[in-house]
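Comments concern the structure below.
Keep in mind that what you see is a predicted model, and the values were worked out from it rather than measured. If you read the sequence from its start, that first residue is 1, and numbering goes on from there.
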Amino acid sequence: MSPRRTEAGGLIDRLRTIRFTFDGAPYTGHAGDTLASALLANGVTLFGRSFKYHRPRGVLTAGVEEPNALVTVLRGEVREPNIPATMVEIYDGLTAISQNRFPSLAWDVSAVNQLGGKLLSAGFYYKTFMGPVIGPLKGTRFWMFCEHFIRRAAGLGKAGTAPDTARYERMNAFCDVLVVGSGPAGLMAARASDQGARVILAELEPHFGGSANWSGETIDGMPAADWAGRAAGQLEGRDNVRLLPRTTVWGYYDGNTLAALERVTDHKETPGKGEPRHRYWTIRAKSVVLATGSLERPLVFPGNDRPGVMLAHAAERFANEYGVLPGDRIGLFTNNDSAYRAALALKKAGAVIVAIVDVRPELSSEMHKLAGETEAEIFSGHAVIATEGGKALSGFKVQRFDMASGALSGDPRSIHADCLLMSGGWSPTIHLASQAGAKAEWNETLQAFLPPKPTTRQWIGAGAFTGSFSTAEAIAEGRAAGFSATGGTGAPAALPVVEAAPGDPDPAPVFEIRASGKSFVDFQHDVTADDVRLAHREGFVSVEHLKRYTTLGMATDQGKSSNIPGLAIMAEALGKPIPQVGTTRFRPPFAAVSIGSLAAERFGDLKPERLTPMHDWHVANGATMYSAGLWYRPMIYGHPGETIEQAYVREARATRESAGIVDVSTLGKIAVQGPDAAEFLDRVYTNMFSTLAVGKARYGLMLREDGLAFDDGTTWRLGEQDFLMTTTTANAGKVMQHLEYFLDVIWPELKVHVTSVTDQWAGAAIGGPKARQILAACVSGTAVDNAALPFMGIVHGEIAGVPVIICRLSFSGEMAFEVYSGAGYGTHVWEALIEAGKPFGLVTYGLEALGTMRIEKGHVTGAEIDGRTTARDLHLDWMLSKKKPFIGSAMMDREGLIAPDRLELVGIVSLDNQPLNGGAHIVEELDEANPHGSLGHITACCYSPALGKYIALALVKGGKARRGSRAYVSDPLRNRFGPVEIVSNHFFDPDGSRMHG
């Protein structure tokens with residue numbers, strides 16, 4: 001039996017012994033232990049050294065809020081620092097080491113910093129940066145001298161340099177209700193699944209149940225832990241419920257999107273096949289129930305950081321959940337009733353309760369009764385003024401205390417104890433609500449900030465999160481929140497019956513006991529009460545300035561334990577109530593997030609890979625995929641033995657002869673909506689869009705403000721105030737930024753909303769002489785003949801039961817149609833089109849064939865709209881409206897932009913029947929030994945199956961005037977020289993009869 005392990009009780013598996021090491025020393029624990037509970041069971045009280053003073057520190061809490069017992073976990077050469085020992089589940093072979101000490105945890109030479117006193121008070125580094133004038137060390141020179149030493153001393157754990165060999169995953173999830181926290185409130189809220197709702201229940205601990213696992217209460221006649229286990233088991237059996245244990249919901253973002261980290265294998269010696277270490281979840285929920293509970297606050301008094309001093313609920317949890325006593329002789333110091341329940345639990349577990357010190361002069365009869373059962377000496381109207389001991393607690397001192405004035409009186413009395421528990425009240429865990437934009441509201445009774453009452457169904461609170469600290473209240477609020485989240489009412493049903501110890505969680509408004517010695521507010525950063533008062537004296541009275549000047553509530557702590565005491569001390573210094581001082585907004589992440597999980601499968605990539613909805617179909621059907629910008633797209637659908645050129649020539653020829661289909665889901669798609677949408681498009685495009693009829697599309701060109709061409713695409717008018725803009729794939733993001741800039745900065749008076757919907761639509765372009773017949777064979781709900789669907793017309797219909805929008809427009813030069821469906825149905829519609837096209841010889845084609853046909857037709861893309869060309873250079877001046885101003889119209893006629901020798905778009909035909917290369921120069925005189933005299937360059941090239949020649953598009957000086965003339969291609973880097981003919985950029989079907997027919 002370990003020195004501090006109880007004989008029975010807890011949720012651990014006492015039949016399974018786990019072996020691990022801490023600082024090289026071997027220890028044992030049981031399955032279900034955390035590193036903190038296992039070390040405490042072995043009698044270890046010293047876990048680390050503090051950030052600044054290197055004071056000895058022990059465990060303060062039992063959960064994610066632990067500020068002191070931060071350790072580094074080693075897996076081979078990979079090290080992960082700053083993990084709370086309270087969150088490390090032990091496993092065979094676990095190797096953990098303490099931090100921020102040298103040469104050892106017991107004997108740390110940097111402990112001499114404790115003698116620094118006021119020299120190391122808050123802001124010492126800012127003052128060091130200013131620098132004294134000492135001989136040659138003037139101003140910044142002194143800082144540069146000190147910088148090396150300060151940088152080396154900064155931080156807690158040491159980051160590793162070995163590559164992380166673990167695997168990480170990312171997941172997306174959608175649900176009707178996300179419940180964060182699985183205490184009694186969360187479990188009841190998750191019963192929203194009774195209404196058929198899709199529910200995700202996320203719990204940061206390994207076991208569902210929250211406080212039920214250690215409260216010692218009875219629910220429906222059974223131990224609360226058993227009740228919670230049964231409730232979780234019932235949820236697990238439902239198809240519409242997903243349970244996520246070991247999952248921390250750490251960020252709340254717009255649109256009810258929440259980020260979560262699931263620790264999949266941190267508790268395993270060896271991950272299972274295919275298991276990641278961490279899984280990063282992006283969860284999009286219709287409604288969120290926040291049942292995140294509350295955190296107990298410490299009291300601020302001299303020596304409150306000594307190993308052996310911890311929060312009362314932490315000790316209760318160690319005893320009831322892990323079967324561990326934090327000490328043999330235990331004292332308690334409190335300003336509220338909740339500590340009495342902890343005292344009784346520890347008494348029943350086998351500890352001796354030597355004293356209960358309560359700042360309140362009068363106790364209720366219920367508390368007197370509980371205190372009597374503990375057999376402890378009661379010190380009402382007293383306070384702890386000091387602790388005794390070195391690397392472990394040996395005792396503490398108490399003195400009479402006047403709660404109204406804060407004055408101490410009488411003689412101090414020493415009490416022998418090896419553990420002191422403190423309880424300064426409870427702070428609801430409102431971090432996620434704060435991230436969602438909620439402004440905290442001060443509750444005078446609870447002496448805590450509460451979330452405001454929600455005004456929408458975006459999120460709903462329940463349980464201790466709302467300040468309802470009793471289990472009975474939590475159960476009632478949880479069920480109500482579940483009903484509210486789904487919009488249901490439900491038949492009234494009897495709530496579970498709770499039997500709990502009496503007690504009032506409302507604390508006395510006492511946060512600090514002012515006596516001689518260092519009293520710590522923020523344990524993680526060594527911020528003392530005197531540091532807060534120093535900030536006040538030096539003018540840093542704003543809560544934001546207080547935080548940055550003192551480092552109060554920074555790093556992994558994020559104010560979990562230190563926020564309220566720090567604000568209370570500043571409020572007293574200012575002579576203001578706490579709500580007037582305010583509180584900082586909590587930022588994500590709520591708890592530390594591994595960088596590996598954020599990168600996940602994209603490890604090693606510089607850019608994310610974007611896949612179209614039909615990606616898996618392309619791969620399964622022989623497509624050769626390649627990266628086109630951020631997207632992966634089919635290059636060719638090659639046959640065995642074919643070269644790339646042979647494949648795209650076959651695909652392009654078949655499309656022109658019968659029909660072809662290509663995935664165009666990557667085109668940028670932007671919804672432009674609002675009363676002023678048409679006016680806005682008139683200003684954005686060079687041509688007119690306000691005259692466009694509903695149910696029609698129009699090709700448009702955008703210029704930059706400097707008059708140069710920016711992007712082109714079609715925009716569809718779906719309603720009077722509803723347009724769907726398409727952009728080139730490469731420029732989708734830039735166009736969106738362009739639109740948002742002008743709406744936000746230049747024309748804020750316009751009533752227009754723009755939304756990127758690129759990922760919402762799957763798109764397929766089907767073109768060729770038989771394209772209309774194929775559509776007629778599979779489209780229902782609309783005709784697709786020329787009368788119903790003329791060039792640039794739009795119709796709504798269905799394909800294979802899926803709603804689609806069809807627009808007749810062409811990029812290939814053939815009669816063609818773009819078919820859009822919801823992204824989730826993209827593959828279904830794609831396969832239906834291919835099946836309908838089989839009798840007509842329909843082929844799938846990739847980007848190479850698409851590029852070939854667009855070159856033959858003379859259409860421009862980003863290769864020609866390269867940031868240096870104008871509409872006139874590209875022969876698009878017919879699109880420049882003379883009836884209205886538009887972006888770029890004031891600058892497009894500058895002298896340099898209308899010069900006769902500008903580079904203009906032309907076609908190039910190879911006269912020696914040899915391939916051409918992009919980037920090759922066009923010259924009048926060929927000089928292979930000394931290439932010179934460039935007239936321009938090739939932008940795109942291919943073999944044209946329609947012409948039976950190698951052709952290209954090029955930008956050439958005075959290009960239009962050179963049509964019909966001969967020149968040469970000069971490409972010395974690839975040793976390609978030869979004669980070419982300069983022709984019109986419209987190689988194929990220049991009058992558009994195939995496209996318009």
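- Among pairs with a residue in residues 326-339, those fulfilling salt bridge (Lys or Arg N to Asp or Glu O under 4.0 Å) read R4-D328, D337-R360, at least two apart in sequence or across chains.
- Under the salt bridge (Lys or Arg N to Asp or Glu O under 4.0 Å) criterion, E444 pairs with no residue, sequence neighbours left out.
- Between the side chain of S434 and the backbone N or O of F586 there is at least one donor-acceptor pair closer than 3.5 Å.
- When the side chain to side chain contact (heavy atoms under 4.5 Å, CB included) test is applied to H267, the partners found at least two apart in sequence or on another chain are E89, R246.
- The main-chain N or O of N336 is never found under 3.5 Å from a side-chain atom of D506 such that the two would form a donor-acceptor pair.
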Report all side-chain donor-acceptor pairs from residues 199-206 shorter than 3.5 Å, counting only partners two or more places apart or in another chain.
from : atom 1 : to   : atom 2 : distance (Å)
E203 : OE1    : S182 : N      : 2.9
E203 : OE1    : S182 : OG     : 2.7
E203 : OE2    : E205 : N      : 3.0
E205 : OE1    : R317 : NH2    : 3.2
E205 : OE2    : R317 : NH1    : 3.4
E205 : OE2    : R317 : NH2    : 3.2

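- Within a 6.0 Å sphere centred on CZ of R587, heavy atoms belonging to other residues, nucleotides or ligands number 12 at most.
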Counting only pairs under 3.5 Å, give me each side-chain donor-acceptor contact of residues 226-233, with atom names and distances, residues two or more places apart or in other chains.
none

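- Contacts of K268 classified as salt bridge (Lys or Arg N to Asp or Glu O under 4.0 Å), with partners at least two apart in sequence or in another chain: E275.
- The side chain to side chain contact (heavy atoms under 4.5 Å, CB included) test applied to I83 returns V73, E80, V88, not counting sequence neighbours.
- For I378, the side chain to side chain contact (heavy atoms under 4.5 Å, CB included) partners two or more places apart in sequence, or in a different chain, are I356, L363, A371.
- Contacts of F301 classified as ring pair (Phe, Tyr, Trp, His ring centres under 6.0 Å), with partners at least two apart in sequence or in another chain: F333.
- Every residue was checked against the ring pair (Phe, Tyr, Trp, His ring centres under 6.0 Å) condition with W250, not counting sequence neighbours, and none meets it.
- Every residue two or more places apart in sequence or in another chain that forms a ring pair (Phe, Tyr, Trp, His ring centres under 6.0 Å) with F379 is listed here: H382.
- In this structure a side-chain-to-backbone donor-acceptor pair under 3.5 Å is present from N256 to Q458.
- The stretch residues 305-316 participates, sequence neighbours left out, in these side-chain hydrogen bond (donor to acceptor under 3.5 Å, both in side chains) pairs: R55-D305, R57-D305, E296-H313, R306-T387, E316-R341.
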